[in-house]
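Structure record follows, encoded as structure tokens.
Chain letters run A, B, ... following the sequence lines, proteins first, then strands; residues in each count from 1. Computation of the quantities below employed the complete heavy-atom set of this structure, encompassing side-chain atoms and omitting hydrogens, waters and symmetry-equivalent molecules.
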Amino acid sequence: MNLTDLAREIGAHVAAGGRPNCRAVDRVYAGDRISDLLTHASHTTLLVTNLSSALLVCVAELMDVPAICLVGGQNPAPEIIAAARSRGMFLMVSPVDLFETCGRVHRCWNDARPAGA
Amino acid sequence: MNAFTYIIAGGDYIRAGAASRRLKERLEAAGAAPDSVRRAVIAACEAEMNVVVHARGGRMEARLAPGRIDVEVADAGPGIADVPLAMQEGYSTAPPEARALGFGAGMGLPSIRRAADAFAIDSAPGRGTRLRFTVYLGARCPAAAGEGVRFRGTRIMLSQRRESMAPRRPGQGGPCRLPSGPPRGSAGSDAPGG
């Protein structure tokens with residue numbers, strides 16, 4: 001799924017646009033534990049999380065994660081945005097909490113699937 | 001040079017992950033299979049974060065040998081009083097500031113054991129913690145042949161690595177289960193289970 005389209009559909013603010021060739025994902029993982037994010041992240045995963053730190057971006061980079069969605073309408077610290085930009089990572093901020101964000105993403109995901117898939 | 005050492009600063013959440021990133025770069029440069037790189041990075045990152053969270057400092061030493069990487073992470077932390085307990089998923093003594101960053105879920109050591117092909121830990125109160133793990137870099141895993149590896153004079157028996165990285169259900173056994181009745185303060189993944 002195209003990340004720019006997804007951000008628009010769930011009402012998220014795009015804080016860092018990522019690399020042009022890394023603007024699509026094919027799976028989503030939501031969680032707040034670094035160990036879980038490490039285990040489940042991949043180069044095609046969108047991470048949705050309450051966490052918000054430059055360390056999160058660092059861990060995501062380790063696993064080649066192309067995109068992170070922060071939640072709760074928070075204003076990410078400048079160092080987080082800078083870390084995402086320097087790594088070519090797509091960073092967006094959803095205006096709603098983790099549960100509602102996952103619901104919106106899930107709806108978009110289903111809507112984007114080809115009919116009959 | 002296929003041996004390298006990284007210094008890990010305890011409590012430094014800004015530079016945390018730097019050692020694992022360099023390890024990853026080495027493995028990718030060596031042409032390791034992506035799944036092997038992934039598993040090695042997961043294990044290295046968990047081990048590195050343990051040092052950052054719990055210790056004043058430590059080091060990561062890695063040796064790249066044909067077909068595998070051996071990693072040792074040693075710290076000058078408080079040590080672990082009950083290693084088998086610390087190996088249980090969900091057990092953690094991480095401070096609140098670490099939990100706020102997403103650590104302290106009690107998954108670090110179990111994740112290392114799960115990601116690596118071989119794993120051993122030695123720790124005691126006041127003596128710090130030293131853990132070692134091995135990840136095979138290609139498709140062939142000598143565990144099937146019953147081989148062991150020798151790293152810094154210590155023989156590490158190989159566990160049968162799980163095919164999937166999916167999390168285990170609580171209470172579910174696995175091929176990396178601790179041997180029954182290990183000496184207090186040490187553990188190795190030398191007991192393939194079912």
Side-chain angles (χ1 to χ4, degrees), chain A residues 22 25-66 68-72 74-89 91 93 97-98 101-102, chain B residues 9 11-28 34-35 37-50 52-53 87-92 94 97-116 162 164-168:
Chain A
C22 292
V25 294
D26 63 16
R27 66 188 297 265
V28 179
Y29 185 80
D32 292 336
R33 305 195 302 192
I34 290 291
S35 290
D36 289 340
L37 300 181
L38 267 173
T39 300
H40 293 280
S42 76
H43 67 287
T44 59
T45 302
L46 165 66
L47 294 183
V48 184
T49 181
N50 276 307
L51 298 175
S52 180
S53 68
L55 184 57
L56 167 69
V57 178
C58 175
V59 168
E61 182 199 24
L62 272 176
M63 306 314 293
D64 300 320
V65 167
I68 297 173
C69 179
L70 308 179
V71 300
Q74 59 184 288
N75 289 318
E79 60 264 28
I80 298 174
I81 298 174
R85 285 182 176 156
S86 69
R87 291 165 170 83
M89 199 173 292
L91 179 68
V93 182
D97 65 15
L98 185 67
T101 299
C102 290
Chain B
D12 186 350
Y13 292 99
I14 303 298
R15 286 188 297 170
S20 302
R21 184 164 60 249
R22 290 181 186 153
L23 183 77
K24 179 187 180 190
E25 291 167 355
R26 290 272 190 163
L27 289 172
E28 289 177 336
D35 177 66
V37 175
R38 172 185 173 79
R39 292 189 295 108
V41 169
I42 289 173
C45 186
E46 293 283 13
E48 181 179 0
M49 295 306 176
N50 275 347
V52 172
V53 170
M87 292 301 301
Q88 291 183 13
E89 293 185 359
Y91 178 81
S92 175
E97 63 268 23
R99 294 175 188 269
L101 290 169
F103 300 105
M107 298 299 293
L109 292 175
S111 288
I112 298 171
R113 184 174 57 183
R114 194 160 43 227
R162 297 190 317 131
S164 168
M165 288 295 292
R168 275 179 225 171

- For the atom pair CG (Asp12(B)) and CG (Leu55(A)), what is the distance rounded to the nearest 0.5 Å? 10.0 Å

- Query: Among pairs that include at least one residue of residues 34-59 of chain A, which meet salt bridge (charged side-chain N to carboxylate O under 4.0 Å, His left out), considering only residues two or more places apart or in two chains?
  - Reply: Arg33(A)-Asp36(A)

- Task: Would you mind checking which part of Leu62(A) comes under 4.5 Å of any heavy atom in chain B, side chain (CB onward), backbone (N, CA, C, O), both or neither?
- Result: both

- Query: Between Ser35(A) and Ser111(B), which heavy-atom pair has the shortest distance, and what is it?
  - Reply: CB-OG, 4.3 Å

- Message: I'd like to know whether CZ of Arg99(B) has more than 12 heavy-atom contacts from other residues, nucleotides or ligands below 6.0 angstrom.
- Response: yes

- Message: Around atom CZ of Arg27(A), are there more than 12 heavy atoms from other residues, nucleotides or ligands closer than 6.0 Å?
- Response: yes

- Note on the structure: Value for OG (Ser20(B)) from CD (Glu61(A)), rounded to nearest 0.5 Å, stands at 11.5 Å

- Note on the structure: Of all heavy-atom pairs linking Ile34(A) and Phe103(B), the shortest is CG2-CE2, 3.7 Å

- Query: What pair of heavy atoms forms the shortest contact from Cys45(B) to Leu38(A), and how long is it?
  - Reply: SG-CD1, 3.8 Å

- Stepwise, does the side-chain contact (heavy atoms from CB on, under 4.5 Å) test hold for Ile14(B) with Glu79(A)? CA-CA 10 Å; Ile14(B) 303 298; Glu79(A) 60 264 28; over 6 Å; no

- Taking side chain as C-beta onward, heavy atoms only, is Thr39(A) less than 4.5 Å from Met107(B)? no

- Message: Quick check on Ala41(A) against chain B: is it the side chain, the backbone, both or neither that has a heavy atom closer than 4.5 Å?
- Response: backbone

- Query: Looking only at heavy atoms, what is the nearest atom pair of Cys58(A) and Arg21(B), with distance?
  - Reply: SG-NH1, 3.5 Å

- When rounded to the nearest 0.5 angstrom, what distance separates CZ in Arg38(B) from NE2 in His43(A)? 10.0 Å

- Message: So for Asp64(A), is it side chain, backbone, both, or neither that comes closer than 4.5 Å to the heavy atoms of chain B?
- Response: both

